[in-house]
Amino acid sequence: MSVPPDQLEFSLSARALEIARQRPWLTATAFALLVGVAAWIYVGVRNALVAITVSHLQALLDTEVAALDLWVREKQLNAERWAREPRLRAAARALLREEAACGGPARQQLIEALDALLGPETAPAALLVNRDGRVVAARRAAECGRTLMPELRRLLQEALRGVPSFGGPLHGQLQEAGGAETRPLVWIAAPVRDDDDAAAGTLFIGKYADDRFSAVFAAARLGESGEAYAFDLAGRMLSKSRFRAQLVDAGRIKPQASEILTLLLRDPESPQAALTALVQAAVAARTATPPSADRGEITAAYNNYLGVRVVGAWRWLPQYGFGVAVEIAEAEAYAPLARLQHAFLAVLLAAGAALLFLLVALARIVRLRRAVHEAQRVGNYELLEEIGRGGMARVYRARHRLLKRPTAVKIIELAVANDEMLARFDREVKLASQLMHPNTVEVFDYGRTPEGQPFYAMEFLDGLTLQQLVEAHGPLPPARVAHVLRGIAGSLSEAHTLGLVHRDIKPANVMLCRRGGEYDVVKVLDFGLVKDIRTEATRDLTRALRVLGTPAYMAPERIENAASADPRSDLYALGAVGYFLLAGAPPFAAENDLALAYQVVHKAPPPLPPERAVPDELADLIFTCLAKDPAQRPQFAADLIEALDFILLRHPWPAAAARAWWEAQDAARALAGVR
């Protein structure tokens, strides 16, 4: 005879209470065992958390150094290319052979040639130095004839060996210059070659350290307290501080002054005003004979230069002559540990109750697991968690019951779906399953749940939609935008070849993800509004529907005539997505759809923000796609692919940069305690 569940629970509880009353030693032993296990777990988890924190700090340092190396290498290559430019090279040779006066026409020709090569970039300092270290030409004529300051001698020697080099930050003065430049500069040096391709002199380019150089470190702002910065062997900060306002409030720097090269990284609570523990460790390791280490970490909390208790890691970069540090507040880095301590105390208080009701909980868990297991299965797929919801469907993270392959399952809600929606869902699955392009989401299976709900299974993607990406991180670099548009164009090219028009290309329907060990893989999603221009049936269905899509990304002809969509409509939407990625906002915005539709049809898109420094060829391509007249747009996705390939050849988005971006996000999320 079966026992009702409530009677079973009462029976188990009563039995547990009886055991505790009759055999107290058994209860005490169980309690002691529980406490011992909890303590063992606590120590193990604490040690593991410290190890993970160290790993994350070092991973973030790796990412920061990789980003710095990439930025420096770009500047070195630019300087080397500029030094080979014929006009600049001719002027430099004349000055190096002393055929021209330091302040004469050759000097002017050199500076004008350099400014033409720099374009929108700025270089407040420029020097031409001969092999003896004497300045033979400079942006400021007063510096001509002076001797190169000792801190730049290393760069000179490397450049004379034919190797472009980087150094800094330094104050801008030359030896005996008397304070001509107050903002610190970083320096890039490149050889100027003679007719035999030997280094006859060196071109020095000086850039403000508080500009792009500091921006490389500003990207690594971990959570509320994390910071990455550069420092030298004197313990001076070489990049901008994330906490400049606090430094000004504390009187450590003046409001109009720069912290770069003026802020000593001292512990403000140290009686001797000693350097912080991290900087001390790095300086001691690098000044030892021979140097004892080029990296390290401190997991026991110490005071940073603001007096905040932090943990951190450092790396010395001998090729640049300075170190890089990453620090985060102890409370933020070890937040899970604090929660663990509270949980440990709670375990001690609740141990007795846990022992009494253990059997009841186990019985309940068995029943619930059996019920959940039966409820969370659709066909051959086990549903794990809901990851998205729309107007008529839900999307779940799932896995194949036998293959264990990660999958996304989309299920229609019959309560809100009508025949038109179901027909559109059915068409989406059948048409999307024909597409095989790697930049198109892959459909695995299609069927119905026991309740009759249509569903289909597709590949599970680890990434962000373009909408989420821009909302979280702002506009993308132009090279990355070209890479993304190239992927979308590839997907559309296959669809258009098969006679399919997507009709809903927008940032929320394109994902940037990691796939098969590759980063920044583009995936076009949601073919729910796809139009098959090969068959009359699809045209009839399209005419029966309302105007579907997102107005901000719809081509003008679709707004005026919903049935007029063709491949060029998708290319207009692709151009609008490119504009969004570069500007951080769609080309048109209004308070309501009617006003927005009027702008799309009648207004010219505004120019891209000038501060985005978008290459002309990319900007021209995007505005060509946004032409009101379809005949003035690219006619085929293949045309876009060819144009984007050319742009990417000139402005590549390296795989290393994509990998560094994703790993930085992982490190930041892990340190912030986000899954």
Side-chain angles (χ1 to χ4, degrees), residues 391 420 424 465-467 470-471 475 481 484-485 488-489 491-492 495-496 499-510 524-533 538-610 612 614 616 618-637 639-640 643-644:
E420 180 181 284
R424 187 147 42 91
T465 67
L466 299 182
Q467 188 76 36
V470 172
E471 288 177 353
V481 172
V484 172
L485 297 182
I488 301 173
S491 173
L492 291 177
H496 294 169
L500 304 179
V501 181
H502 189 286
R503 294 198 300 176
D504 200 18
I505 293 294
K506 59 183 179 181
N509 280 344
V510 180
V524 176
L525 316 174
D526 199 348
F527 282 75
L529 301 185
V530 70
K531 176 182 179 181
D532 188 346
I533 57 179
T538 304
R539 298 190 185 100
D540 292 340
L541 179 58
T542 302
R543 285 194 293 268
L545 296 174
R546 299 178 301 276
V547 177
L548 297 171
T550 305
Y553 301 93
M554 288 174 63
E557 65 271 20
R558 285 200 58 214
I559 293 176
E560 296 183 84
N561 180 6
S564 65
D566 64 20
R568 295 172 298 180
S569 305
D570 280 349
L571 302 188
Y572 176 96
L574 186 143
V577 169
Y579 187 104
F580 171 79
L581 297 179
L582 289 168
F588 301 103
E591 295 181 356
N592 55 65
D593 285 351
L594 184 61
L596 180 59
Y598 178 86
Q599 291 188 31
V600 171
V601 175
H602 298 288
K603 298 289 186 180
L608 291 166
R612 296 293 296 134
V614 180
D616 290 341
L618 179 57
D620 291 343
L621 182 63
I622 286 174
F623 283 105
T624 301
C625 291
L626 291 174
K628 305 296 184 187
D629 183 0
Q632 295 179 4
R633 301 176 203 148
Q635 300 299 294
F636 304 98
D639 299 334
L640 274 182
L644 289 166

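Note that this is a predicted model, so its numbers are computed, not measured.
- Residue pairs that meet the side chain to side chain donor-acceptor pair (under 3.5 Å) test with at least one member in residues 572-599, sequence neighbours left out, do not exist here.
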Hey, mind stepping through His502 and Leu492 against side chain to side chain contact (heavy atoms under 4.5 Å, CB included) and telling me if it holds?
-> CA-CA 8 Å; His502 189 286; Leu492 291 177; 4.1 Å; yes

List the steps and the verdict of side chain to side chain contact (heavy atoms under 4.5 Å, CB included) for Leu582 and Leu618.
-> CA-CA 10 Å; Leu582 289 168; Leu618 179 57; 4.2 Å; yes

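- Among residues at least two apart or in separate chains, salt bridge (Lys or Arg N to Asp or Glu O under 4.0 Å) pairs with a member in residues 622-635 are Glu557-Arg633.
- Side-chain atoms of Arg558 come within 3.5 Å of backbone N or O of Arg503 as a donor-acceptor pair.
- Results of the side chain to side chain contact (heavy atoms under 4.5 Å, CB included) test with Val510 over Leu525, Val577, Ile488, Leu574 single out Ile488 as the only residue that passes.
- The heavy-atom pair separating Gly578 from Ile622 by the smallest distance is C-CD1, 3.8 Å.
- The nearest pair of heavy atoms linking Tyr553 to Ile505 is CB-O, 3.6 Å.
- In this structure Phe636 satisfies the ring pair (Phe, Tyr, Trp, His ring centres under 6.0 Å) test with no other residue, sequence neighbours excluded.
- Among all heavy-atom pairs drawn from Leu608 and Ala583, the shortest one is CD2-CB, 4.2 Å.
- Partners of Ala495 by side-chain contact (heavy atoms from CB on, under 4.5 Å), not counting sequence neighbours, listed by chain and number: Leu435, Leu500.
- Smallest separation of non-hydrogen atoms from Phe580 and Pro507: CD2-CG, 3.5 Å.
- Applying the side-chain contact (heavy atoms from CB on, under 4.5 Å) rule to Asp616 yields the partners Asp620; only residues at least two apart in sequence or on another chain are considered.
- Residues satisfying the side-chain hydrogen bond (donor to acceptor under 3.5 Å, both in side chains) criterion with Glu471, sequence neighbours excluded, are Gln467.
- When every heavy atom of Thr465 is checked against every heavy atom of Ala508, the shortest pair comes out as CG2-O, 3.7 Å.
- Nearest heavy atoms, Leu640 versus Ala489: CB-CB, 4.3 Å.
- Checked options His496, Gln635, Gln632; the residue passing with Arg568 is Gln635 (criterion: side-chain hydrogen bond (donor to acceptor under 3.5 Å, both in side chains)).
- Annotation: side chain of Pro475 is in contact with side chain of Arg612 (closest heavy-atom distance under 4.5 Å).
- No side-chain heavy atom of Ser569 sits under 4.5 Å from any side-chain heavy atom of Pro630.
- Partner of Leu644 under the side chain to side chain contact (heavy atoms under 4.5 Å, CB included) criterion, chosen from Leu485, Val484, Val481: Leu485.
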